[in-house]
Structure formats: structure tokens, C-alpha cells
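The structure under discussion appears below in the form of C-alpha cells.
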Amino acid sequence: MRAIGQDVLGGPEVLKEIEIDKPEPGPAEVLVRVHAAGVNPTDWKHRTHGGLLGAPPFVLGWDVSGVVEATGLGAALHKPGDEVFGMLPYPYGVGAHAEYVTAPSRTFVRKPANIDHVQAAALPLAALTAWQALIDVGGLRAGQRVLIHAAAGGVGHLAVQIAKAHGAYVIGTARAAKHDFVRGLGADEVIDYTAVDFAEAVQGVDVVLDGIGGDYGPRSLRTLRPGGTLVSIALSNLADMDAAAAGVRGEVVLVEPDHAIMKEIAALAEAGRLRAELDTVLPLADAAKAHERGETGRVQGKIVLTVVD
């Protein structure tokens, strides 16, 4: 089968179209014919540095939308022909940028009929990240105030919608040119971080979602109410922030597979309350171009590779 692989670490040019063996589903696993696969910042970071995967060779990609082709022993949740989507087990279940993947059956849920495979492939990793950070770790509840950094980005724009679906008051940071987009997602306020110091403009926030890192974490502590929570998905070193001294809680979140949350994500998408903005859609063979686009840092929404026309 076709896949996008790499033998060395480096820039987008290290990504090559290769031929590898088609996988076979093991016990409690399904074989999925990939129709579309999302591209996320974790992909180009692993391509460059190896990260949690170590040294190549490997095939990147965690977001999958496709059709079940075969099932392993005991994988009764899905049947051949089912349209499904989900995130391959992060980080070691990588390999979505290929024609076929195998994964535990509960990796996947039924794809809503009202979205296509490209839309579905844009959701899993980013939506799971946003949900786990805001709801599971941040404890966000109806009526609370949340500050979402990079609110027009891949995780950010889904986080805005998830927070609104839970009844929160949403404040986002984004460049001025993206304010209408972020408001259209449901944000109540949008701050141009290039013109205004958000740490001075925002006060009394219950939860902050930081997907940027660097000095955003320490600065965000000043926006929180006493007892509030800062959640970093940028793997920032919160130990340097002394959140406890500021009277708040600081947490780092690494996304995990979660079948129950994927069902919630599917339900929101089916109800029209969660939709991925598509920044760029490219064929699998153009994975390097997808990485180049992602690394500009100007992506609005998500990048997706199509595997089946």
C-alpha cells in the first residue's frame, strides 16, 4: 500500500511516498481503508525532532476517517462497510498517512452522515485535545469564563465551539484579521494579541487554554481568578510558572484516546454544533506541502490529506 514515510529527521523534504505491506487486524482490532487523514503540529514536530517516536523510519499521522474493511477476532463494535473516524492511539499508534491502518476497535466511532471524510478527519486529535484540556482537566462548566489562546488555530477553533456547547463565556486571542472568524465560532470576545496585552485586558477567568507556550503561561496566570486553572497543551514547563504561588492550578495535558469523548464529539458534529474549518486540503502525495503550510504558523483551522477521492 501507499504511505508517506521518512528515513531521517529533517524538513518537509524528508517525506517520501513509499510502498509498505498492508496491515492485518489483530484481536479486537479493525482494518480501516483511509479516506482522509488530518495533519497536526505534532506531525511536523515529530518529523523534525523524532519526539516521542524516537528515530525514523516511521509513518506519521494520527487522525483517520475511512471505511472498515475487515475486523479481527472479537472486534464486534464495527462491521465491514462502516464509516468511522477517530484518533490512532497517541503517541505510538501513529501511521494515518497511508492507505490502510489497523487499530483497536474502540479507537473509532461512527462518522456522522452529515459530514464527509475530509471534515471528519479534521476533528479527532484536535477535538479530543480541546475536550480533555477544557472539560476533563479544566473542569469548565456552564457560566464560567474561559480564555483560549490561538483561537483560530486547529485546537483553538474547536475549543471555542466545545466551550460554547458547554455554556461557557469564551474569550479568544487571535490576529485582527481572524476576529470575524473566531466570533463566528461563538466567541464572546476576541483580543488582538499583537495590539493588546491580554494579561492586562482579561481578568477573573476560570480556565485558560494555552496552546502556544513560552511566556504565554506565566502571563496567563494574571488573568485567572483565585483557584482558576491554566491548562497547557504546549507541554510548557509549568514548574517555572509557580502557579501555586499565584493561587491557581497549572496542568499539562497530552492527548489520550477516549472512545466516550469521541462519541460526544461525533454527537456535536451531527448536531451541527462542532465543525472543523478547513485551511488546506491536499492529496496524500503532497504531504510535504501540507507540512510546509502548517509550519507557516498562519493556519486557520485544520489541514487534511485525502487518500481516496
Side-chain angles (χ1 to χ4, degrees), residues 38-42 62-63 87 90 119-175 178-193 198 202 205-213 216-217 220 223-224 228-236 249-256 258 261-262 264-269 271-279 294 297 299-303:
V39 182
N40 297 283
T42 191
W62 284 271
D63 282 331
M87 182 190 75
Y90 190 87
Q119 272 286 330
L123 286 172
L125 186 148
L128 279 169
T129 300
W131 189 295
Q132 290 169 6
L134 290 176
I135 312 304
D136 290 355
V137 176
L140 187 66
R141 303 187 305 276
Q144 289 191 322
R145 290 161 53 85
V146 60
L147 173 62
I148 297 172
H149 291 305
V155 171
H157 87 290
L158 298 177
V160 169
Q161 297 173 71
I162 289 169
K164 289 305 296 183
H166 282 80
Y169 183 93
V170 178
I171 306 164
T173 63
R175 290 177 176 270
K178 298 180 179 180
H179 282 200
D180 287 346
F181 168 66
V182 177
R183 288 194 183 95
L185 299 171
D188 298 284
E189 296 180 37
V190 191
I191 296 170
D192 181 0
Y193 64 89
F198 68 83
V202 181
V205 168
D206 296 282
V207 180
V208 175
L209 176 58
D210 174 23
I212 298 175
Y216 268 66
S220 293
T223 71
L224 286 162
T229 302
L230 168 64
V231 185
S232 173
I233 59 171
L235 304 189
S236 299
R249 181 167 65 102
E251 301 288 354
V252 174
V253 170
L254 190 67
V255 67
E256 299 178 63
D258 192 307
I261 296 176
M262 276 302 305
E264 297 277 6
I265 289 166
L268 283 180
R273 303 179 70 189
L274 182 65
R275 182 174 176 84
E277 170 79 3
L278 298 175
D279 179 277
V299 174
Q300 181 171 293
K302 290 296 301 292
I303 300 171

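Any value given below was found using the heavy atoms of this structure, including those in side chains, with hydrogens, waters and symmetry copies removed.
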Could you pull out the closest heavy-atom pair between [X] and [Y], with the gap in Å?
{"X": "Val170", "Y": "Ala163", "answer": "CG2-CB, 3.6 Å"}
{"X": "Asp188", "Y": "Ala168", "answer": "OD2-O, 4.0 Å"}
{"X": "Gly301", "Y": "Asp279", "answer": "C-CB, 4.5 Å"}
{"X": "Val255", "Y": "Leu125", "answer": "CG2-O, 4.0 Å"}
{"X": "Gly217", "Y": "Leu230", "answer": "O-CD2, 3.6 Å"}
{"X": "His149", "Y": "Ser220", "answer": "NE2-OG, 2.9 Å"}

For the side chain of [X] and the backbone of [Y], is there at least one donor-acceptor N/O pair under 3.5 Å apart?
{"X": "Asp63", "Y": "Ala122", "result": "no"}
{"X": "Glu251", "Y": "Thr229", "result": "no"}
{"X": "His166", "Y": "Ile135", "result": "no"}
{"X": "His179", "Y": "Ala174", "result": "yes"}
{"X": "Gln119", "Y": "Ala276", "result": "yes"}
{"X": "Gln161", "Y": "Arg275", "result": "yes"}

Any side-chain heavy-atom pair from [X] and [Y] closer than 4.5 angstrom?
{"X": "Leu158", "Y": "Leu274", "result": "yes"}
{"X": "Tyr90", "Y": "Glu256", "result": "no"}
{"X": "Met87", "Y": "Met262", "result": "no"}
{"X": "Trp131", "Y": "Leu268", "result": "yes"}

CA sep, side-chain torsions, deciding dist, call: Leu209, Ile233, side chain to side chain contact (heavy atoms under 4.5 Å, CB included): CA-CA 8 Å; Leu209 176 58; Ile233 59 171; 3.9 Å; yes

Calculate, to the nearest 0.5 Å, the distance between atoms [atom1] and [atom2] belonging to [X] and [Y] respectively.
{"X": "Ile162", "Y": "His157", "atom1": "CD1", "atom2": "NE2", "answer": "9.5 Å"}
{"X": "Asp206", "Y": "Leu147", "atom1": "CG", "atom2": "CG", "answer": "11.5 Å"}
{"X": "Trp62", "Y": "Asn40", "atom1": "CH2", "atom2": "CG", "answer": "8.5 Å"}
{"X": "Leu128", "Y": "Ile265", "atom1": "CG", "atom2": "CD1", "answer": "4.0 Å"}
{"X": "Leu278", "Y": "Ile303", "atom1": "CG", "atom2": "CD1", "answer": "10.5 Å"}
{"X": "Tyr169", "Y": "Gln144", "atom1": "OH", "atom2": "CD", "answer": "14.5 Å"}

Donor-acceptor side-chain pairing of Thr173 and Tyr216 below 3.5 angstrom: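 On atom types as modelled, these side chains do not qualify, holding no pair under 3.5 Å.
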
Arg249 CZ: over 12 foreign heavy atoms closer than 6.0 Å: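 Atom CZ in Arg249 is crowded, with more than 12 foreign heavy atoms closer than 6.0 Å.
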
Option from Val190, Val146, Val155, Leu185 for which side chain to side chain contact (heavy atoms under 4.5 Å, CB included) with Val160 holds: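 Answer to the side chain to side chain contact (heavy atoms under 4.5 Å, CB included) test with Val160 among Val190, Val146, Val155, Leu185: Leu185.
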
Ile261 and Asp136: CA distance, side-chain angles, deciding distance, side chain to side chain contact (heavy atoms under 4.5 Å, CB included) verdict: CA-CA 10 Å; Ile261 296 176; Asp136 290 355; 3.2 Å; yes

